[in-house]
Asker: 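For reference, the structure I am asking about is given below.
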Number of protein chains: 2
Amino acid sequence: MNGKVSTTRTKLERGRSALGPALELVHTGRAPTRAVLTSELGVTRATAGAVAAELEALGLIQVDSRPGSAAGSQGRPSHRLSVRESGPVAIAAQVHADGFRAALVGLGGRLVATAPGCVTVTADPAQVIGEVVDDCARLLRDSGLRCVGAGLAVPSAVAEPEGTALNPLHIAWPAGAPVSEIFADCVREAGIPGPAFTGNDVNLAALAEHRHGAGRGAQHLLCVATGHRGVGGALVLDGRLHTGSSGLALEVGHLTVNPEGRPCHCGGRGCLDVETDPLAFLVAARREPGPEESLLKQAGDLLRTEYEDAAVRGAAEELIDRLGLGLAGLVNILNPDRIILGGLHRALLDADPERLRAVVADRSLWGRSGSVPILPCTLDHNSLVGAAELAWQPVLDDPLAALA
Amino acid sequence: MNGKVSTTRTKLERGRSALGPALELVHTGRAPTRAVLTSELGVTRATAGAVAAELEALGLIQVDSRPGSAAGSQGRPSHRLSVRESGPVAIAAQVHADGFRAALVGLGGRLVATAPGCVTVTADPAQVIGEVVDDCARLLRDSGLRCVGAGLAVPSAVAEPEGTALNPLHIAWPAGAPVSEIFADCVREAGIPGPAFTGNDVNLAALAEHRHGAGRGAQHLLCVATGHRGVGGALVLDGRLHTGSSGLALEVGHLTVNPEGRPCHCGGRGCLDVETDPLAFLVAARREPGPEESLLKQAGDLLRTEYEDAAVRGAAEELIDRLGLGLAGLVNILNPDRIILGGLHRALLDADPERLRAVVADRSLWGRSGSVPILPCTLDHNSLVGAAELAWQPVLDDPLAALA
DNA sequence: TGAGTTTGTGCCGCAACTAAACAAACTGCG
DNA sequence: CGCAGTTTGTTTAGTTGCGGCACAAACTCA
């Protein structure tokens, strides 16, 4: 009765269940062509074709029938799949000790637009979050693009399901501030469509690195990073952030790495937190620490430019040994297949990768029988991209439902 | 054309994808009736009915149409679902310092038969495993039941995918013994059908407790337990054992819990392993340790019968404090929603639950804002039942494929 | 005894696939 | 240039697992 109409409609409404996995494959760059998509999904060519066509119809991806004579193998060249340039974006916001920043992030972790960012962070979370959301709204208006949701990265553990920031001490916010609720309210008031999410910055950095950076392909990815003060950790298991039962997992800052070390506010002494952060490095190198919001830069610059200096080198080696001890402890507990380091830890790895790898291998129980790769983070603005990943997640889980 | 035949066949071949989840619900006791099964699966009554009928046709479960006037609510009583008594079984074997043991375990973690077990464990893994598998084969022959596979629990970390025992020191086996391969070979030679699996005993105990014991319903279950010597840990995430990327996760024995403690073979000092095991307890209580293979019993008996003794009580409190420190460290990293303790740790919890909970709450970062429940293991032979769970897993994942 | 409630069952239809046959687009070789 | 060989896209015809619905069955309660 309705041959042509039914054919078209069938194409559009097909592939519901494989839609999410397919989009994720394109999003993470693991499906550059339709042929690869077919094999990665484990479905027939017909199904993969229908799925790709539907994602294109939704305005999320682009299918290039004419790949312009690709290289290599024989046979008919496969259609090229890519993220659609003018497709929807996610709002991403980040607050840290040296300011805040707003951005629009498309599929594939592509930064579409960035607001310059502000350097003053006041003690009132509602004010700061309100300002950064205003920046976001402005970016979105100027771009004229569709928005799927918003994500915020904060330098604090975020307790779920309440969404409260438990230790935002380094940005002078009150402990227990309901950042999740504040952000969601601001987003709604600014007229930004879609759901709003909030997460810890290191967690979100790890998520971004797993999907678009140094963590790609890892099944059990451990990420450890410093900001200006303190140490954060994150674990990505099978592509999903592991935040524990209430969002507080991977608080790795209080592993003991130096029994004779300085006391820590947690009640112990020699914690990773106070033994391997930028302040600890500057103190160990006998330098005068500058203002809190530039400790990371100060320590990183010192490490890179004056590594010949005996005091600097000695401090670096001391921190590398302590960091290695902490990482070994985490390896024994989590058994990751890859470790990535950010902040000062990344700089320490760059300074002497062999020393760090040796310490980890020596102090982890099974280090001798196969050591874990330790790599630096590679993504710019990984927390920002990770915040956007939160907002993209519902679309990746079920594109049809999320864009309805 | 074939109305009746097609109807019957449809019933039998229906519900393929929901079959596994449904069996798991019955297996873990979360679906006592068909009505509950319907809501837990989130499907229609028709689908749940077809699924239950197929599981019954496979000989796995029993559907009682006449529940004999159940209690409580109004409306038509639902059909009662239960594990079939004379259904298939899994072979379970366990090797530990004080002997080995064989059993048959049905669905629901029901011990169908147990071999008395032997108390001599030689240094040759092939010989020991061969003997225990012979016991298993005898049990299976005598029972006349169908077998879905076999599982072995060993007191050592088991590296995947090779299946080698990395630290079976307390049973005098050589490090790196290919226990997985040995077990699989023995099982095949003994004529036992189905696949063979090997795992660490604490991991398997945690799995069993999660499905049938104190860990039921936990989403992030942490289990810590002692044998006669040393400490083991396990984590069950969303119903699945988390063994890390190569099976070596949750080697929790080398967390530092006493900076001034005794040196450990790992290179550190004051490790959980040497500070909270039965030997440590006996030494702290100034008692003469007996033979290695009865340290757990000796320490447990001492703790239960002479808690009034000042030295015993002092030792217990010392160990509780150290254990609490270790657990707090794990809480900070893993953020579980429940902790269960086995071996001597279980006895320590029983001796003074408040003290242990207070230490964990005090030393975990977010302890004040909601502490983790800490419970004793409740299952007899939990490692044995857990070994059977390994063998049952393929059936739980896809009953049709596994029983074909 | 009848109303109300909850559950089991049969039937229809459909969305989401697979399988198979065919068409299209490339490479490489003679 | 033409043709075989290879790989991919497309179309068509099933297959199937499941939802929706209507109705029957089995209980409680008044």
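Chain A is the first sequence line, chain B the second, and so forth, proteins listed ahead of strands; every chain is numbered from 1. As the structure is a prediction and not an experimental result, all values here were calculated from the model. Scope of the values below: all heavy atoms of this structure, side chains included, with no hydrogens, waters or symmetry mates.
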Asker: List in chain and number order the residues that pass side chain to side chain contact (heavy atoms under 4.5 Å, CB included) with Q219(B), two or more places apart in sequence or in another chain; answer none if no residue qualifies.
Answerer: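 Counting only residues at least two positions away or on another chain, Q219(B) forms a side chain to side chain contact (heavy atoms under 4.5 Å, CB included) with D238(B), D337(B).
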Asker: Quick one: list whatever passes side chain to side chain contact (heavy atoms under 4.5 Å, CB included) with Q62(B), sequence neighbours left out.
Answerer: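 Partners of Q62(B) by the side chain to side chain contact (heavy atoms under 4.5 Å, CB included) criterion, ordered by chain and then number, come out as D64(B), S82(B), R84(B).
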Asker: OP1 or OP2 of dG9(D) less than 4.0 angstrom from a side-chain nitrogen or oxygen of S65(A), does that happen here?
Answerer: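 Negative; the distance criterion is not met.
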Asker: Given atom CD of E54(B) and atom P of dT16(D), what is their separation to the nearest angstrom?
Answerer: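 One finds 12 Å between P of dT16(D) and CD of E54(B), rounded.
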Asker: Hey, what are the protein-to-nucleotides 4-7 of chain D N/O distances that come in under 3.5 Å?
Answerer:
unit_1: dT7(D); atom_1: O2; unit_2: R76(A); atom_2: N; d: 2.9

Asker: Between R216(B) and T28(B) (side chain of the first, backbone of the second, donor and acceptor by atom type, cut-off under 3.5 Å), is there such a pair?
Answerer: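 Pair found, side chain donor or acceptor close to backbone of T28(B).
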Asker: Pairs of donor and acceptor atoms involving the side chains of residues 34-43 of chain A, under 3.5 Å and at least two apart or interchain, shall be tabulated with distances.
Answerer:
unit_1: T38(A); atom_1: OG1; unit_2: R34(A); atom_2: O; d: 2.9
unit_1: S39(A); atom_1: OG; unit_2: V36(A); atom_2: O; d: 3.0

Asker: Could you tell me which residues satisfy side chain to side chain contact (heavy atoms under 4.5 Å, CB included) with A234(A), sequence neighbours excluded, listed by chain and number?
Answerer: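 Per chain and number, A234(A) pairs via side chain to side chain contact (heavy atoms under 4.5 Å, CB included) with V202(A), N203(A), A206(A), C223(A).
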Asker: Ring centroids only, cut at 6.0 angstrom: are H242(A) and H220(B) within range, meaning strictly under it?
Answerer: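 H242(A) vs H220(B): aromatic centres under 6.0 Å.
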Asker: Rounded off to whole Å, could you give me the CD-to-P distance for the E56(B) and dG8(C) pair?
Answerer: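 Value for this atom pair: 13 Å.
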Asker: Would you mind reading off the distance between L41(B) atom CG and dG19(D) atom P, rounded to a whole angstrom?
Answerer: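 That distance rounds to 10 Å.
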Asker: Give a yes/no on whether any side-chain N or O of T47(B) is located under 4.0 angstrom from OP1 or OP2 of dC18(D).
Answerer: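 False: T47(B) side-chain N/O out of range (4.0 Å or more) of dC18(D) OP1/OP2.
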Asker: As a test of reading the structure: which of dA21(C), dG8(C), dT18(C) is closest to the side chain of R45(B), going by heavy atoms?
Answerer: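 Out of dA21(C), dG8(C), dT18(C), the nucleotide with an atom closest to R45(B)'s side chain is dG8(C).
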Asker: Figure out the CG/P separation between D398(B) and dG17(D), and round it to whole Å.
Answerer: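 Result: 11 Å.
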Asker: Take the protein atom CZ of R80(A) and the nucleotide atom C1' of dG9(D), then report the distance between them rounded to whole Å.
Answerer: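 Interatomic distance, CZ of R80(A) to C1' of dG9(D): 15 Å.
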Asker: What is the distance from CG of L19(A) to P of dA15(C), rounded to the nearest Å?
Answerer: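 Nearest whole value for this atom pair: 15 Å.
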Asker: Using the salt bridge (Lys or Arg N to Asp or Glu O under 4.0 Å) criterion, which residues pair with R110(B)? Sequence neighbours excluded.
Answerer: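 Salt bridge (Lys or Arg N to Asp or Glu O under 4.0 Å) check on R110(B) returns E85(B).
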Asker: Give a yes/no answer on whether the side chain of S17(A) brings an N or O atom under 4.0 Å of OP1 or OP2 in dC17(C).
Answerer: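 S17(A) to dC17(C) OP1/OP2: side-chain N or O found under 4.0 Å.
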Asker: Starting from P on dT8(D), measure out to CG on D64(A) and report it in whole angstrom.
Answerer: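 Result: 17 Å.
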Asker: Within less than 4.0 Å of OP1 or OP2 of dT8(D), is there a side-chain N or O belonging to T33(A)?
Answerer: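 No, no such contact exists.
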Asker: Counting only side-chain nitrogens and oxygens, does T38(B) get under 4.0 Å of the OP1 or OP2 atom of dT7(C)?
Answerer: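 Indeed not, no polar side-chain atom of T38(B) lies that close.
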